[in-house]
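Atoms within a ligand are numbered from 1 in the order they appear, just like the ligands themselves. If you're wondering where the values come from, they're calculated on a predicted model, not measured in any experiment.
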Amino acid sequence: MKVRRGQKKNLKAAPAGAAARNLIRGRFARGRIPEVEAFTASLPFDRRLFRHDIRGSIAHARMLEQAGLLKPGELRAIVGGLERIESEIADGRFKFDIADEDIHLAVERRLIALIGEPGRKLHTGRSRNDQVALDLRLYLRDEIAGVIALVARLRAVLIRLARRHVATIMPGYTHLQRAQPVTLAHHLLAYVEMLGRDRERFEQSAARTAIMPLGAGALAGTTLPLDRRMVARALGFKAITANSMDAVSDRDFAVDFLSAAALTQVHLSRMSEEIILWTSTEFGFAALPDEFSTGSSMMPQKKNPDLLELVRGKTGRVIGDLVAMLTVLKGLPLAYNSDLQEDKERVFDALDALKPALELLAKFWPKLRFDTKRMRAAAGGFALATDLAEYLVSRGTAFRRAHEIAGAIVRETAEAGSTLEDLSIAQLRRHSSAFGADAIAILRAENSVARRTIEGGPAPSTVKRRLKELGRR
Ligand code: ARG
C-alpha cells in the first residue's frame with residue numbers, strides 16, 4: 001500500500017491520503033503509516049463475519065426506523081445496500097481496503113458509497129465495540145449449532161457400529177496391559193458417552209452465546225431511544241446483556257466454546273490414538289481403509305494413518321486456542337480493549353481443526369475393518385484371572401485370599417507355558433477346594449463378559465439396554 005502525504009491546503013477540512021480512505025479519522029491530520037495499518041487491522045480475518053455483520057446491521061436499522069431515527073425510505077435504502085454488499089462479498093467482487101481496519105467499517109464505507117446520506121445514519125447509537133460482540137455471538141451461535149450436529153453424527157455412527165459388535169469380544173486394557181475381556185460395543189460406547197458430554201457442553205456454551213449486546217454502545221449505552229429487545233427478537237436471541245460495560249468486554253462465551261472444543265478435540269485425539277494402535281501390526285485388531293490412508297515416499301509397504309495422526313496433532317492447536325484466549329482476557333481492565341480483537345482467530349482456528357476432524361472420523365469408522373478373530377484371541381488367557389478370584393468369592397472365600405490363590409494359579413500356569421483356558425478342574429482344586437465343577441465355564445472370555453451384567457458393565461444384555469436408551473434420544 002502506498003502512503004500519500006496530506007495536501008497542505010485542505011489539511012483540516014478533509015485529511016488527504018490514507019486518512020481520507022477511512023471513515024473515522026475526522027480528528028486526524030495525517031493517515032497511519034502502512035505498517036501500523038496492517039498490524040492493527042482485523043479485516044484480513046474478520047471478513048469471515050460479513051454475513052453476521054450485515055444481519056446485525058439490518059436488525060439494528062429496522063429498530064432505528066421503529067424508534068423514529070430513520071425514515072422508511074432511508075431504511076429501505078440501507079437494507080437494499082446491505083443486501084447488495086453481502087452478495088458483492090459472497091461473489092468475491094467486493095474491494096477490500098486495509099485502511100478500513102475491519103469488516104464493520106468496510107461494510108459501512110461501501111454502504112455510504114452506494115446509497116449516500118442514509119448510509120451515514122446506520123451506525124446511530126452503535127459502536128464497533130458492541131457491534132463486534134454481536135457479530136461474534138451471531139457467528140458462534142450458528143457455528144456451534146453446526147458443531148453439535150457433527151458431534152451427533154459421529155455419535156450416531158459409533159452407536160450403529162456398536163449394535164453390530166455387542167458380542168465381539170476384545171481385551172480391555174489398563175496401563176495398556178491386557179486387563180479383562182470386554183466387547184467392541186462396550187468400548188465404542190465409551191466414546192459415545194464422552195461425545196454426549198461434549199454435546200452438553202456445546203449446548204451450554206450456545207445458550208451463553210445467544211445474548212444480545214447491542215445498545216451497550218462503546219461501553220456506556222446511549223442517550224438515544226433504542227429498543228434493544230426488538231433487536232434481540234429479530235435476531236432470535238432470548239436475552240439481552242444486563243451491563244453495558246460487561247457487554248463490550250465479555251468474551252466468556254468464546255472461552256466456553258473453546259473449552260468445549262478443546263475437550264472434544266482431546267476426545268477425538270484419544271480415539272485416533274486408539275485406532276492407530278489397533279491398526280498397527282503389533283495389535284492387528286483392524287485394518288486401515290485405503291481411502292483414508294497415506295503411503296510412504298520411501299517404504300513401499302507402508303500404509304500410514306496420517307488422518308488420525310493429524311487429528312491427534314491438531315489437538316495442541318485447539319488447546320492453544322483456549323489458553324491464548326484466556327491469556328488475552330486475564331489482564332484486561334474494563335471495558336473494551338483492542339486485545340479483544342485477538343478473539344476471532346482463536347475461534348476460527350478451533351473451528352477449522354474441530355469440524356473436519358468430527359466429519360472425517362464419522363466417515364472413517366464405518367470403513368474400518370475389524371479382525372474379530374484376533375481380538376477374541378487376545379482377550380482370553382490371563383485376562384480371566386479376576387473371574388477366577390470372583391468365583392472363589394462367590395463360594396465364600398475372602399477377596400484378598402481369593403486374589404492370592406488366583407495369582408498363584410497365574411504364576412504356575414505361566415511357568416508351565418500354558419494359559420488359564422487350558423486348566424482342568426483337578427488343577428484348579430489343587431489350589432482351593434472351593435472350586436466346583438462349574439469353575440471351568442468361568443474360564444471363557446464370552447462367559448466372563450456375559451456375567452458382568454452390572455449396570456454400566458460390558459455384558460451384551462447390559463450393553464443392549466444402553467443401546468436402546470441411546471436410540472430413544
Ligand atoms: N476490529 C475490532 C475487533 O475485532 C472491532 C472494533 C473495536 N473498536 C475499536 N475501537 N477498535 O475487536
Side-chain angles (χ1 to χ4, degrees), residues 1 18-19 21-28 31-57 60 82 85 89 94 96-112 122-143 209 211-222 241 244-255 257-258 321 324-352:
M1 201 178 320
R21 285 162 48 220
N22 182 303
L23 286 178
I24 57 167
R25 294 186 63 83
R27 57 109 58 233
F28 297 95
R32 287 166 301 168
I33 68 168
E35 295 92 321
V36 169
E37 231 168 40
F39 186 83
T40 54
S42 51
L43 190 54
F45 50 86
D46 70 6
R47 60 181 69 172
R48 196 159 153 172
L49 299 174
F50 77 94
R51 288 188 195 281
H52 299 86
D53 189 74
I54 286 170
R55 205 193 298 168
S57 283
H60 179 65
L82 287 171
I85 293 169
I89 299 177
F94 190 93
F96 285 105
D97 183 346
I98 197 92
D100 284 329
E101 300 181 16
D102 53 33
I103 187 66
H104 324 297
L105 287 179
V107 170
E108 195 183 340
R109 185 183 51 76
R110 178 70 182 139
L111 182 68
I112 293 166
L122 172 63
H123 210 53
T124 304
R126 190 174 68 168
S127 156
R128 282 182 297 159
N129 298 354
D130 56 353
Q131 185 177 4
V132 71
L134 174 68
D135 290 7
L136 190 61
R137 284 173 181 274
L138 282 171
Y139 177 86
L140 250 186
R141 186 185 57 174
D142 284 355
E143 288 293 331
T209 298
I211 298 173
M212 210 292 296
L214 281 197
L219 80 164
T222 171
T241 54
S244 63
M245 295 178 77
D246 182 46
V248 294
S249 68
D250 169 33
R251 293 296 183 274
D252 294 0
F253 63 95
V255 171
F257 162 73
L258 289 170
D321 291 326
M325 189 70 240
L326 287 168
T327 311
V328 162
L329 294 175
K330 83 170 268 293
L332 288 192
L334 291 175
Y336 181 86
N337 298 272
S338 279
D339 313 45
L340 293 172
Q341 181 166 291
E342 289 288 307
D343 57 358
K344 284 166 281 298
E345 285 168 295
R346 306 287 50 87
V347 166
F348 297 158
D349 186 72
L351 284 166
D352 292 345

Exercise for the section: Provide, to 0.1 Å, the distance between atom 12 (O) of ligand 1 and the closest protein heavy atom, together with that atom's residue and name. Expected result: Y336 OH, 2.5 Å
Exercise for the section: If you have a sec, work out which protein heavy atom is nearest atom 4 (O) of ligand 1 and how many Å separate them, to one decimal? Expected result: K344 NZ, 2.6 Å
Exercise for the section: State, with a plain yes or no, whether a side-chain heavy atom of D250 is found less than 4.5 Å away from one of R137. Expected result: yes
Practice task
Could you name the option among D339, L340, D102 that has the heavy atom nearest to atom 5 (C) of ligand 1?
Solution key: D102
Problem - Test item: L219 and Y336 side chains (from C-beta on) under 4.5 Å apart, heavy atoms - result: no
Practice task
Provide, to 0.1 Å, the distance between atom 8 (N) of ligand 1 and the closest protein heavy atom, together with that atom's residue and name.
Solution key: N129 OD1, 2.8 Å
Exercise for the section: For ligand 1, indicate whether the residue E101 contacts it via side chain, backbone, both or neither (heavy-atom separation under 4.0 Å). Expected result: neither
Exercise for the section: Examine ligand 1 and decide if any of its atoms is less than 4.0 Å from a heavy atom belonging to Q131. Expected result: no
Handout entry: Contact (N/O only, under 3.5 Å) between Q341 and ligand 1
Key = yes
Exercise for the section: Just jot down the salt bridge (charged side-chain N to carboxylate O under 4.0 Å, His left out) partners of R47, sequence neighbours excluded, or say none. Expected result: none
Problem - Any F348 side-chain heavy atom under 4.5 Å of D321 side chain - result: no
Practice task
Answer yes or no: is there a side-chain heavy-atom contact under 4.5 Å between L43 and F96?
Solution key: yes
Practice task
List the closest protein heavy-atom neighbour of atom 10 (N) of ligand 1: residue, atom name, distance to the nearest 0.1 Å.
Solution key: R128 NH2, 3.7 Å
Exercise for the section: Report yes or no: is the cationic atom of R48 (NZ for Lys, CZ for Arg) closer than 6.0 Å to the six-membered ring centre of Y139, at no more than 45° off its axis? Expected result: no
